[in-house]
Amino acid sequence: MTLPERPFARLPRWAALALLLAMLFACVGNAFALEARNAAHEADIEQRLERGQRVDMDLYRAVNARVAAGEDYYRAVADEHRDFGMPLTPFVTVRTPILAWTSALWGEGGWRIIAVILWSANVLGWMVALRRERRLERLAAGALAGLFGMVAFIADIPFSHEILAGMLLSLALAASAGSLWVGGLMLAFAAIALRELALPFLLAWGAIAIFAGERRKLVAISGALVLIALGLALHASAVADVRAPGDLVSPGWRGMIGPALPFYGIHITTLLQTLPAWLAGPLGVLPLFGWLAVGGRLGIFASLWFAGFIAAVAIFARPENVYWMGLFIPAYGVGLAFAPRALVDLVGAIRRPVSERPRPALPR
């Protein structure tokens, strides 16, 4: 099955007009929502600190130090969860041991070097992945990958499962539509091993492989999913072995906060947080519309991953889960390079005479 290019240009006039209005409303709405969410986020942190709780990065720093000193990961993480007042049920409240084990091997400095390498690889990788696009879009994509990925240089990067996994996923996405897709699959596998919350990325890739009729990719993705399921089963068993009566249970994930939360998460994990809300608001939303306008294997895959995860966070995440959006870094921002295309195609569809049918885009 051929996946259409530039789907916005193919829309009927009424649909294009509705989508253009939705884009404008989302840009304005996000500008106002950022200030409200920022106030709520700061108040939440203050209340947690007043209750004696500590930030998550301190937990991972403590666990990594104990594992580096030779302690068993699961016993160390269980002790620290209890000290930090964090739940041990269900098992997904406990991070997989990959970050702690690798930190014991090559230290915090090793992860800082890897983060810089991933940042550089994303800048170059996205320029290569989009080599068939217009030169200006390709150069803009590389620059945006660099700007949205600047979080790779923060001091706490060795303890951030989400951002490290996000940089792996972003590179995997860039490689997914080309001849290096096997390497992309390995990167995605590593990202999920690091942070199991990245699993929907692989599910989205599998869905695209089904619709595109890519049997080899589907078989490889299915094999990766089997290995991931086995690894998560072992992780769940290990967490159960160190769980004790009286350990805290997660309140669950039924936040129902809406899209303001995921877009705020994108805001605080990128350089957008340095901009005024009136500018950061639209710039946080437009990349999604840019990706939706691309079409083809890469564009539809990116759209399914980003839009699907944004919807999931809007429905299920609690306010303190805002850091989940680190999984988007930096590929989400690359979509901003296609925002002008989205606007041009929508306006073109609106201005097209009713009697004229849209021309199907040629597949590449």
Side-chain angles (χ1 to χ4, degrees), residues 56-57 60 92-96 98-99 111 114-115 118-119 121-122 125-126 144-145 147-152 154 156-176 184-208 221 224-225 228 231-232 253 255 257 259-273 284-285 287-288 291 298 301-336:
D56 291 359
M57 292 296 185
Y60 307 137
V92 291
T93 60
V94 178
R95 296 290 175 269
T96 62
I98 303 302
L99 185 61
W111 270 118
I114 291 171
L118 288 173
W119 176 82
N122 268 284
W126 278 106
L144 288 165
L147 289 171
F148 273 75
M150 288 300 291
V151 71
I154 65 172
D156 285 337
I157 192 65
F159 313 107
S160 178
H161 301 77
E162 286 77 16
I163 294 173
L164 290 170
M167 299 187 79
L168 290 166
L169 291 181
S170 293
L171 200 53
L173 181 61
S176 64
L185 183 58
M186 294 173 65
L187 289 167
F189 185 89
I192 298 167
L194 194 62
R195 184 65 169 102
E196 77 291 337
L197 192 63
L199 180 59
F201 177 90
L202 202 53
L203 298 178
W205 195 352
I208 296 301
I221 291 168
L225 288 172
I228 290 166
L232 289 178
W253 294 273
I257 295 173
L261 184 65
F263 284 118
Y264 179 66
I266 293 167
H267 176 77
I268 64 170
T269 52
T270 64
L271 290 178
L272 292 178
Q273 64 180 297
V285 170
L288 178 60
W291 277 120
L298 180 60
F301 179 14
S303 299
L304 185 59
W305 161 233
F306 293 133
F309 195 77
I310 284 172
V313 172
I315 296 169
F316 299 110
R318 303 191 305 270
E320 61 268 29
N321 301 140
V322 68
Y323 57 86
W324 289 359
M325 304 311 295
L327 292 175
F328 278 16
I329 305 302
Y332 177 80
V334 172
L336 193 58

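Keep in mind that this is a model prediction, so the values were computed, not measured.
- Taking OG1 of Thr269 as the reference point, atom CG of Leu327 lies at 9.5 Å (rounded to 0.5 Å).
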Notebook entry, point to check: Would Phe159 and Asp56 satisfy side chain to side chain contact (heavy atoms under 4.5 Å, CB included), going step by step from the backbone distance to the final call?
Noted result: CA-CA 9 Å; Phe159 313 107; Asp56 291 359; over 6 Å; no
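- Between Ala172 and Ala188 the shortest heavy-atom distance is CB-N, 3.9 Å.
- Using cut-offs of 30° and 60° on the angle between ring planes, the pair Phe201 and Phe301 is tilted.
- Every residue two or more places apart in sequence or in another chain that forms a side chain to side chain contact (heavy atoms under 4.5 Å, CB included) with Pro200 is listed here: Trp305.
- For the atom pair CG of Leu261 and CD of Glu320, the computed distance is 9.5 Å after rounding to the nearest 0.5 Å.
- Ring geometry for Tyr60 against His161 counts as perpendicular: the plane angle is over 60°, on a 0 to 90° scale with 30° as the lower cut.
- With Glu196 contributing its side chain and Ala193 its backbone, the two residues share no donor-acceptor pair below 3.5 Å.
- Scanning for side chain to side chain contact (heavy atoms under 4.5 Å, CB included) contacts around Leu298 gives Trp126, Leu130, Leu173, Ser176, Ala177, Trp291, with sequence neighbours left out.
- Atom CG in Leu187 sits 5.0 Å away from atom CG in Leu171 (nearest 0.5 Å).
- Minimum heavy-atom separation, Leu164 to Leu194: CB-CD2, 3.6 Å.
- Taking each heavy atom of Ala331 and Ser170 in turn, the nearest pair found is N-OG, 3.0 Å.
- Atom OG of Ser160 sits about 10.5 Å away from atom CH2 of Trp111, to the nearest 0.5 Å.
- You'll find the side chain of Ile228 reaches within 4.5 Å of the side chain of Phe189, heavy atoms only.
- To the nearest 0.5 Å, atoms CZ (Phe328) and CZ (Phe148) are separated by 12.0 Å.
- Considering all non-hydrogen atoms of both residues, Gly184 and Ala175 come closest at CA-CB, 4.0 Å.
- Judged as a salt bridge (charged side-chain N to carboxylate O under 4.0 Å, His left out), and not counting sequence neighbours, the contacts of Glu162 are Arg95, Arg195.
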Next item on the list: Could you walk me through whether Leu202 and Leu185 pass the side chain to side chain contact (heavy atoms under 4.5 Å, CB included) test, one step at a time?
Entry: CA-CA 8 Å; Leu202 202 53; Leu185 183 58; 3.5 Å; yes
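- Residues Phe316 and Asn321 have side chains not in contact (no heavy-atom distance under 4.5 Å, counting atoms from C-beta outward).
- Between Leu225 and Leu199 the shortest side-chain heavy-atom distance falls below 4.5 Å.
- The CD1 atom of Ile157 sits 5.0 Å away from atom CD1 of Ile154, with the distance rounded to the nearest 0.5 Å.
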Next item on the list: Show the numbers, then the answer: is there a side chain to side chain contact (heavy atoms under 4.5 Å, CB included) between Tyr264 and Met325?
Entry: CA-CA 9 Å; Tyr264 179 66; Met325 304 311 295; over 6 Å; no
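- Using a 4.5 Å cut-off on side-chain heavy atoms (C-beta onward), Ile163 and Tyr323 make no contact.
- Of all heavy-atom pairs spanning Val322 and Gly265, the tightest one is CG2-CA, 3.2 Å.
- A donor-acceptor pair under 3.5 Å links the side-chain atoms of Tyr332 to the main chain of Gly284, judged by distance alone.
- Asn122 contributes a side-chain N or O that, together with a main-chain N or O of Met167, makes up a donor-acceptor pair within less than 3.5 Å.
- Contact detail for Ala174 and Gly125: the closest heavy-atom pair is CB-O, 4.1 Å.
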Check: Is there a side chain to side chain contact (heavy atoms under 4.5 Å, CB included) between Leu288 and Phe263 once you walk through the steps?
Finding: CA-CA 10 Å; Leu288 178 60; Phe263 284 118; 4.3 Å; yes
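- Counting heavy atoms from C-beta outward, Val151 and Thr270 have side chains that stay 4.5 Å or more apart.
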